[in-house]
Each structure stands twice: as C-alpha cells, then as structure tokens.
Amino acid sequence: VGAEIGNYLSEHAAEVSSFNVVKGFLNLVVNNSVWLSVFNDVAEDKSYGISEPDSSFVDAPVLVEYSSPNTNKPLHLGHVRNNLLGYAVAEILKATGNHVKKVNLVNDRGIHICKSMLAWKKYGNGETPESSGMKGDHLVGKYYVEFDKINKEEVASLVTNGNSEEDAKKKAPVMLEAQEMLRKWEANDPETVALWQKMNTWVYAGFDTTYKMMGVDFDKMYYESQTYILGKEIVQEGLDKGVFFKKDDGSVWVDLTDEGLDQKLLLRSDGTSVYITQDLGTSRLRYQETHFSRLIYVVGNEQDYHFKVLKLALKKLGYDWWNDLHHLSYAMVDLPSGKMKSREGTVVDADELMEEMISEAKRITKELGKLDDLASDEAEQLYKTIGLGALKYYILKVDPEKRMMFNPEESIDFNGHSGPFIQSAYVRCRSVMRKGDSVTSLKNYKDFDPSFYNALENKERDLLKNVLRYPEVLDEAAERFSPAVIANYVYELAKAYNGFYHEHAVVDAENVEASLFRLKLTEQTARVLKMALALLGINVPERM
RNA sequence: GCACCCGUAGUUCAAUGGAUAGAAUGACAGAUUCCGAUUCUGUUGGUUGUGGGUUCGAGUCCCGCCGGGUGCACCA
C-alpha cells in the first residue's frame, strides 16, 4: 500500500503540498516533493494544508495582537518574550490553515510620554537622534529616566520640608507640569501635539529597527491616540440594555459578582474612558472590521483579571463572539538578581541583548575557525542567524505560562538543548545532501521505490518516526497556542538525526538503495527542521 | 484580607490522567578520526514543596497547608 501511494504521489508531486494520513499511512508531502511513510501509528484520516489557507477562514481571520509597547522607552527583555511568542503563535496558526492577521496596539499617549516630552523640553537643548547618534527610542527613554530622577529629587526635598510622602508626590513641580502637558495634549494644543509627534516619530524609527532585528512584523498598527475614545457608545449600550449601572456621581460600572468577580469601573464620573472602555471599543471595532474567528491577545499574566472582566462584560452585552477572545497570558522573565524593574535600571535592553548574542556567536564561530573563508557580509549574517537563533530558542522553548529564568551572565546555551544545536543538525543535513548531489549515481532517484526498505534499523526508525510526527506536533502547538511544543519537538528531531548520522553512512552506504533511502530521509529531516524553526522565527544557515 | 498563577535531578527546562517521571547542564568514563566533533554512547543525580482525597491508574484533577509571584487605581 505504501508503494502504491508513493507512486501515485510521485506522479502528482507538483500539485501537492500538504500532510495527510490515508488509510493509516502518514504521508509527508512538502514543497512539491514527496516522501511517504512505510508505517505509522495514526488511525484516523486527516489532512494538513500548509500552503493555501482554507477559503472559509479568509473572511474570519484570526487576529493576534502582540508587542503593544509604550512609546516612552525602548523595548526590553519582557517585550522580547512577548514579540517572539506573538510572532510564533501567528506563524503556527498560519501553518495549520488559518488566515492570520498580526496587529500591534501602540500606546502612544498618556502621562508617561508627557514625562519624556517635558524632560526633553526642559533639559534636552534640542538634542535629536541625528545630533546625538542615539537610537530614537533610547533617546526618548533617556529623558524618561531624567524626568524620574528630577521628580524624585523634588519629592525628597519636599519631604525634608515637612510634607508627607503622599503629599510630596502630588505637589512635585515637574509632576504638575507633566499633568498640565497631558491636559494640553488632550485639548489639542498645537505646540504640544507637534512635540508629541516629533518624539513619537523618533521612537517609531527606533522600534522599527528593533522589530526588524528581531524578525517580527505586523499586518496592521493601531494607535491608542486614535482608539482611546472608543467604547463610550458601548457603555451607553450597556446602560440601555440594563446590564451596566450608573452610580450617583455619574460613573458607570459593571457588576460581575454573579461570575465570582467584583464590580468594575467602565467610565469615570467625568465621562472620560479608562483602559477597559477602550478595549471594549477596540474589540468591537475589530469584530466589525473583520468578523474574526478568534482574537488573541498576547499580554502578560498580570492582566489576567482585566481580560476576564473584558470577556464577561462583552458577554453581558450579548455579543456572541465574547468567547472568541483569548488572552494568551505569559509569565514574566526573571533575572538572577530578581525581578526586572525599569526604575531601578535592572532591565535588560532588547537591542543590547541581541547585539551581545550576535557577538557571542561571532566569538564562538571564530574560535572554531571553520569558516575563515566566508565573505565578511555573509559572516555577519551568519553570526546574526546563530546569535538570534540561540536567543529565540532559549525563550520559546519554555512554556509561555511559566516564569522563566534568564541569566545574562552565564549567557545563553550554544550547546545542548539550544538553537545552534538544532541549526547545526540542519547544516549537517545540508552538507550530506551536497555530498550526495556530487555523486552522479545517486542523483537520479526518480525510480526509487522505498517499499523495499521494510526492515528499518533502530536509528532510522527513530528518525523517521520523528520526521513523521511533525503534523501532529503542529496541530498540538496550534491548539495550545504553544511554540514550546514546536521547540521541544525540533530538538528531538535534531537529536534523532545526529544519532542516525552517527550510526549510518549515508552517501557511502552498503548499497545504492540504502544510500537513496537515507538521502531522502536526510532531505526530509532538513525540510522539517527548516519549516519548524521558521515558525519560531529562527533562520537556518547553510554552513556554520 | 480576597482572587488568580507557579512549585519536577545541584541548576535551566520536558512530560493530551496511562508503561520504570525525561532532556540539557555539571562531574566522571568511553566511541567515532568522519558524509561536519557545536557529534555520539554510558555512569552519576528525584519521596514531582507537603498532607489528604477522587481514580484501575495522579507530576497532571479536587481540598487543606507551606513557599514564590501577580492582581485587587475614577493608571495603562
């Protein structure tokens, strides 16, 4: 039966690009070429499209919202986890046939931006990214820190002059000025808005560089300055329907005590919106825009409660899509010194982190000295591939909902259970394939009939099993929204290949059939490794 | 105080309720001298925080306790 399927698919290879299980045989059909299994354990028939999305999903996309930075400071390690997760989840859902849109909701307004603006205005002397050579987001971040320093000094001196700590915080002159600035911004004061636009432009240029280096992208950007007014009609709608209620002071609330939660404010007494008002508004806007089948928020687990409230409020309003919202909640990253706190300067900056990983890759590669003939631009590209591969793998292999320990001192693994280990297995495959290509007697395997190979040896069987598991693993990763499932699988596969490679000669096998079989197996291993790593945003080099 | 999340080898992490809880790292011993040694094989290391319960079967589900974290703003 295996041979029959194989012959059929061989003739139709150009059209096929999917995985499927037929009559208990699992077939791996990728990139217009065919490999078929000779055994498997899967009983039920199933197809896995990986090229064309199912047309029924096109009008009901899955939206994945991630990154969501504030524009007052650069991205740090926590954002890195967020971005890598969001990107990988989006790619995994794409690979399982969903139509996916990646979106970013940038927090470009509020008191924190005003703090940076104020400090820059007072002490910046017109400094720009061009004049200082600083990345825009770092420059703006510098003035945010500056503000904080001055604010602290002022509070301290107020306290020594007999004010209570609480009063001092309210009375500090710079803080009052920042609040005044926010009011001006909201009143559309031209000068303030111009400064706000100028500094945000700097920040976006900086973010773009970071995103590009990280390898993440977005199909659509939303900005809070445009969305923060949304949601007020929804609140009114809730009042009309009698599911929200108004207190005497005019503030609007939702009562979720019947769901085991509390009462939650939805609109301030002065009629202005709060965080959740906006999220109510944007979620409905997005539903109207896209009729999404799912809306996935990649947001830290400190907001678990917020998203519970959001969903239940929408449920009370009678929107039947309330349960299509999903909060992909991830835990924070710990440093050996404890928690990351931006005020205490214990954050790990994303740009610096990536640079360090790349130079570490460079150091190790040079030490091994295998690639001294590589052109320098190719070499730089390679260091980037390895360094970022190590970083991304290190972060993504951990289950999102678990806290993870990040030790910058000991740095990240380049050996063992690591990105470069897997990359090097791929490179080894490619090396073997090149060798196979150079042997003319092996080049033409059109007539190759794999059915002869019924007696697999242990390491071959082990490798084959791992290769064929890929579709199931992909399914599981998509179901659980967990890139870690892919990451751990791809490691098993790389290990299986190394074991196989060590045990069996491929190009110089006992006979031509064995060589052909093992070459095919090598080729498919390389393909799956490359595809699976791509879902994690990890590239593979041809040499390393 | 109330709510939610997490506790697995020394360390960093795995394990759709299912076989003897697995890797990596560290230490030690060995193999391959090659189609790529960032390799492979072995030894070492566990009362899965703890006490009960459900189940034919629990690291996984339920309850209590201990430890760590987060949330409970007319901030976002």
Side-chain angles (χ1 to χ4, degrees), chain A residues 68 70 72 105 107 109-113 224 228 247 249-253 260-279 299-309 329-332 334 336 338-339 361 364-365 367-368 370-371 386 390 394 397-399 401-407 410 412-425 427-439 442 459 472 475-476 479-480 484-485 487-489 491-492 494-495 497-509 515 518-519 522 543-544:
Chain A
S68 317
N70 289 358
N72 63 325
L105 175 54
N107 183 8
R109 63 165 287 274
I111 188 73
H112 40 288
I113 287 98
E224 288 202 5
Y228 82 106
K247 287 193 178 172
D249 62 4
S251 58
V252 181
W253 298 71
L261 306 181
D262 302 322
Q263 295 187 350
K264 190 76 188 173
L265 177 87
L266 299 180
L267 204 62
R268 292 195 192 103
S269 50
D270 63 4
T272 58
S273 56
V274 289
Y275 182 44
I276 196 152
T277 325
Q278 180 189 153
D279 261 353
V299 179
N301 63 3
E302 66 274 10
Q303 290 192 33
D304 285 354
Y305 190 80
H306 169 79
F307 283 102
K308 270 186 198 167
V309 172
S329 164
Y330 65 93
M332 65 173 63
D334 283 316
K339 211 186 135 175
I364 294 175
T365 305
E367 220 171 79
L368 289 165
K370 277 194 208 165
L371 296 176
I386 299 174
Y394 186 88
K397 76 175 177 181
V398 181
D399 190 320
E401 70 184 34
K402 292 201 176 159
R403 293 177 67 116
M404 63 171 295
M405 176 63 79
F406 185 90
N407 191 338
E410 291 176 12
I412 293 180
D413 288 342
F414 282 78
N415 295 310
H417 191 175
S418 72
F421 174 88
I422 297 157
Q423 286 172 328
S424 82
V427 167
R428 170 172 276 169
C429 288
R430 295 292 299 144
S431 172
V432 171
M433 285 160 71
R434 276 195 298 272
K435 184 84 179 184
D437 265 352
S438 70
V439 179
L442 297 178
K459 296 286 178 183
E472 283 173 74
D475 254 7
E476 192 195 338
E479 243 164 68
R480 290 169 53 186
V485 170
N488 287 306
Y489 161 73
Y491 171 67
E492 294 297 325
K495 229 171 37 160
Y497 188 78
N498 282 336
F500 159 83
Y501 169 86
H502 198 260
E503 193 80 10
H504 301 289
V506 177
V507 175
D508 274 328
S515 277
R518 289 172 194 162
L519 268 175
T522 297
R543 300 173 59 196
M544 67 191 288

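In the text below, chain A, chain B and the rest are named by the order of the sequence lines, each starting its count at 1. Here the structure is a predicted model, which means the values were calculated and not measured.
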Task: d(OH, A:Tyr394; P, B:C13) in whole Å - done: 6 Å

Atom pairs, protein N/O to nucleotides 38-44 of chain B N/O, distance under 3.5 Å:
{"unit_1": "B:U38", "atom_1": "OP1", "unit_2": "A:Lys370", "atom_2": "NZ", "d": "2.2"}
{"unit_1": "B:U38", "atom_1": "O2'", "unit_2": "A:Ser424", "atom_2": "OG", "d": "3.0"}
{"unit_1": "B:U38", "atom_1": "O2", "unit_2": "A:Phe414", "atom_2": "O", "d": "3.0"}
{"unit_1": "B:U39", "atom_1": "O3'", "unit_2": "A:Asn498", "atom_2": "ND2", "d": "3.4"}
{"unit_1": "B:U39", "atom_1": "O2'", "unit_2": "A:Arg428", "atom_2": "NH1", "d": "3.4"}
{"unit_1": "B:C40", "atom_1": "O2'", "unit_2": "A:His502", "atom_2": "ND1", "d": "3.4"}

Task: Interatomic distance, A:Tyr305 OH vs B:C5 P [rounded to whole Å] - done: 14 Å

- [ ] Dot-bracket notation for RNA chain B is requested: 5' to 3', Watson-Crick or G-U wobble pairs only, both distances under 3.5 Å, with ( ), [ ], | and . as defined.
- [x] (((((((..((((....[...))))((((((.......))))))....(((((..]....))))))))))))....

Task: A:Arg403 side-chain N/O to B:U12 phosphate OP1/OP2 under 4.0 Å - done: no

Task: Aromatic ring pairing A:Tyr394/A:Phe406, orientation class (parallel under 30°, perpendicular over 60°, tilted between) - done: perpendicular

Task: Heavy-atom pair of closest approach, residues A:Asp508 and A:Ser515 - done: N-OG, 4.3 Å

Open item on the list: Under a 3.5 Å distance rule, please check whether A:Ser329 uses its side chain to pair with a backbone N or O of A:Glu401 as donor and acceptor.
Closed with: no

Open item on the list: Evaluate A:His306 against A:Ile276 for side-chain contact (heavy atoms from CB on, under 4.5 Å), listing each step before the verdict.
Closed with: CA-CA 8 Å; A:His306 169 79; A:Ile276 196 152; 3.8 Å; yes

TODO: Nearest 0.5 Å please: distance from the NZ atom of A:Lys308 over to the NZ atom of A:Lys264.
DONE: 12.5 Å

Open item on the list: Can you check the distance between B:G51 and B:G67, where both ends of the measurement are the C1' atom (answer in whole Å)?
Closed with: 15 Å

TODO: For A:Met433 and for A:Trp253, locate the closest nucleotide of RNA chain B by heavy-atom distance; then report the residue assigned to the nucleotide nearer the 5' terminus.
DONE: A:Met433

Open item on the list: With rounding to the nearest 0.5 angstrom, report the CD1 to CG distance, A:Ile113 to A:Asn70.
Closed with: 6.0 Å

Open item on the list: How many whole angstroms separate atom NZ of A:Lys264 from atom C1' of B:A3?
Closed with: 12 Å

Task: Atom pair distance, as rounded to whole Å: OH in A:Tyr275 and P in B:G71 - done: 13 Å

Task: Results of side chain to side chain donor-acceptor pair (under 3.5 Å) for A:Arg268 - residues two or more places apart only - done: A:Thr272

Open item on the list: Can you work out whether A:Phe406 or A:Val432 has the more 5'-proximal nearest nucleotide on RNA chain B?
Closed with: A:Phe406

Task: For A:His504, ring pair (Phe, Tyr, Trp, His ring centres under 6.0 Å) partners two or more places apart - done: A:Phe500

Open item on the list: Please report the interatomic distance NZ(A:Lys435) to CG(A:Leu519), rounded to the nearest 0.5 Å.
Closed with: 12.0 Å

Task: Pairwise P distance for B:U25 and B:U38, with rounding to whole Å - done: 14 Å

Task: Whole angstrom value for the distance that separates C1' of B:G67 from CG of A:Asp334 - done: 15 Å

Open item on the list: Among residues at least two apart in sequence or on other chains, which ones pass side chain to side chain donor-acceptor pair (under 3.5 Å) with A:Asp262?
Closed with: A:Tyr305

Are there any protein N/O atoms within less than 3.5 Å of an N/O atom in nucleotides 14-22 of chain B, and if so, which ones and at what distance?
{"unit_1": "B:A14", "atom_1": "OP1", "unit_2": "A:Asp399", "atom_2": "N", "d": "2.5"}

TODO: Show the numbers, then the answer: is there a side-chain hydrogen bond (donor to acceptor under 3.5 Å, both in side chains) between A:Thr522 and A:Tyr497?
DONE: CA-CA 8 Å; A:Thr522 297; A:Tyr497 188 78; 3.0 Å; yes

Task: B:U12 and B:G64, which share atom name C1', separated by this distance in whole Å - done: 31 Å

- [ ] Grab the CZ-P distance between A:Phe307 and B:A76 for me, whole Å please.
- [x] 14 Å

- [ ] With heavy atoms under 4.0 Å as the rule, sort A:Gln423 into base, sugar-phosphate or nothing.
- [x] nothing

Task: C1' spacing across the pair B:G10 / B:U39, given as an integer number of angstrom - done: 26 Å

Open item on the list: Could you tell me how far apart A:Asn70 (CG) and B:A76 (P) are, to the nearest whole angstrom?
Closed with: 11 Å

Open item on the list: Run the side-chain contact (heavy atoms from CB on, under 4.5 Å) test on A:Ser424 and A:Met544 for me, step by step, so that the C-alpha distance in whole Å, both residues' side-chain angles and the decisive distance to 0.1 Å come before the verdict.
Closed with: CA-CA 7 Å; A:Ser424 82; A:Met544 67 191 288; 3.8 Å; yes

Task: Atom P, compared across B:G26 and B:G71: separation rounded to whole Å - done: 37 Å

TODO: Could you pull out the closest heavy-atom pair between A:Arg543 and A:Val427, with the gap in Å?
DONE: CA-CG1, 3.8 Å

- [ ] Answer with base, sugar-phosphate or nothing: what part of the nucleic acid does A:Tyr491 contact at a heavy-atom distance below 4.0 Å?
- [x] sugar-phosphate

Open item on the list: Suppose you measure atom P in B:U47 against the same atom in B:C40; what distance do you get, rounded to whole Å?
Closed with: 29 Å

Task: Span that lies between the C1' atom of B:C2 and that of B:U11, in whole angstrom - done: 35 Å

Task: Atom pair distance, as rounded to whole Å: CD1 in A:Ile422 and P in B:A24 - done: 13 Å

- [ ] Can you tell me, in whole Å, how much space there is between the C1' of B:C65 and that of B:C28?
- [x] 41 Å

